[in-house]
Amino acid sequence: MPKPNQHIIPRDQHSVSREFISENALKVLYRLHKDGYQAFLVGGGVRDILLGLRPKDFDIATNATPEEVKKLFRNCRIIGRRFRLAHILYGRDIIEVATFRAHCDDNIKQRNDGMIVRDNVYGTVEEDAIRRDFTVNALYYNIADFSIHDYCGGLADLAKRQLKMIGDPVERYKEDPVRMLRAVRLGCKLNLTIEDNTAKPINDMAYLLEGIPAARLWEEYKKMFLAGRAQRTFNQLKSFGLLEYLFPQTSKHIIHNDDFAEFVALALENTDRRVNEDKSINPAFLLAVMLWQSLMQRTDKLVNKGMHFNDAFYKSFNPTINEQSQTISIMKRYAVVMQDIWALQLRLKFNFGKRVWSVLDHPRFRAGYDFLVLRAEVDPSLKPLADWWTEFQEASREQRIKMINQNKPKGQKRRPRKRKSRASH
Ligand code: ATP
Ligand code: MG
């Protein structure tokens, strides 16, 4: 690792003001400082304020050990096995406090492939800086004198609007391949260009994602796709060759099927719009879209073997979700939502009489309907059905009854109930 260049920028020469830092984060910083510990705001918190953005969360770095932090705060919980971190809880707001960690060869255990499996040795603030990923993430705001400590040239890179890996990118990706995803995600989120040497190795190293636990990739999936930059991130992941290791099924189908690619693109755009309008989003919806073509293909295969379409369709739910879960684990509660959305695609097909009401009452109706509307955008034959449901939702009860009756195809009559003939007994 390179020797860090210490660089301290006094308060009057930078734009990080306490008014941009959350009250709870300030409380934690002050408390640590009052007790004689070093306390810095670090990572996204400092970076985003310097970029004029509102930070998503505030991370704090200190020389106090997690146990020492716990002694200072009643509302503190120690978490993590690989890295022990202190979480200070203020209702739903969590302030993460990490003890400075060192990144030197004696302290970390690496597997043969270079991946770090243990690195929990405490260090100094300088050492803490160089084990971070990008230079812009290694800026420290010191609560003692409100200065910024820049050990890795992060301020210069921010000015150039570039995301640059600290140290040798190839080594750093080997240590933790998720950094490739972070490069793409942060580049898209912050509108930063990924510096050439940081970007270059990604294509060849993308396969290293195979070694990342599916549960960790689920966390990354949420950060990449539910933060208002899904469309851009998706396209970048594709061009860096990372997409196929995250969504192998989606990645395969978008190459051969333009309509499906368009369907996914529309869903990504929609998700971004909803996030940016502060509307709720369920992580399952996008997954249901991404796996739709694979579900259809599985269904077709079973139908070709002679199975009834509906049976084939339902039977394909689990294998489709399970295959995706090999790379990004999908928790049961999300898998259930995906299945509901898919099942509703059948139930939304013209149903008559009482069934329409039960579809409308389905707890996932809205998601199922949104899914249908998206499908209709790439498949015009579905447009009348989607429009019917749009109109139906806006209609009064009387109009709805009329719509249901009008909707009966000509000539269709209720099948007469079979009466048991008493005479036959
Ligand atoms: P966000 O705005 O999404 O929170 P962030 O950069 O703050 O972005 P976090 O996941 O909150 O991301 O991480 C906080 C800090 O921890 C980062 O800024 C970086 O300094 C460090 N960090 C996180 N993940 C890694 C990693 N895989 N390797 C090295 N450093 C990391
Ligand atoms: Mg953060």
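First listed ligand is number 1; within each ligand, the first listed atom is number 1.
For a threshold of 3.5 Å applied to N or O pairs, the pair formed by Arg172 and ligand 1 contains no separation below that value. Between Gly44 and ligand 1, a contact under 3.5 Å exists for at least one N or O pair.
The closest side-chain heavy-atom distance from Asp145 to Asn142 is below 4.5 Å.
With a 4.0 Å cut-off on non-hydrogen atoms, Lys56 touches ligand 1 through its side chain and not its backbone. At a 4.0 Å heavy-atom cut-off, ligand 1 touches Asp57 through the side chain alone. Within the 4.0 Å heavy-atom criterion, both parts of Asn137, backbone and side chain, lie near ligand 1.
The protein non-hydrogen atom at the shortest distance from atom 22 (N) of ligand 1 is Arg182 NH2, 3.8 Å. When hydrogens are left out, the protein atom nearest atom 29 (C) of ligand 1 is Asp133 N, 3.3 Å; that is the closest non-hydrogen contact. Among all non-hydrogen protein atoms, the one lying nearest atom 27 (N) of ligand 1 is Asp176 OD2, 2.8 Å. Closest protein heavy atom to atom 28 (N) of ligand 1: Arg179 NE, 2.8 Å. The closest protein non-hydrogen atom to atom 2 (O) of ligand 1 is Lys189 NZ, 2.6 Å. Summary of contacts: the protein heavy atom closest to atom 20 (O) of ligand 1 is Arg132 NH1, 3.0 Å.
Here Asp57 meets the criterion, with an N, O or S atom under 2.8 Å of the Mg ion (ligand 2).
With Trp389 as the aromatic partner, Arg366 does not meet the cation-pi criteria of under 6.0 angstrom to the ring centre and within 45 degrees of the ring axis.
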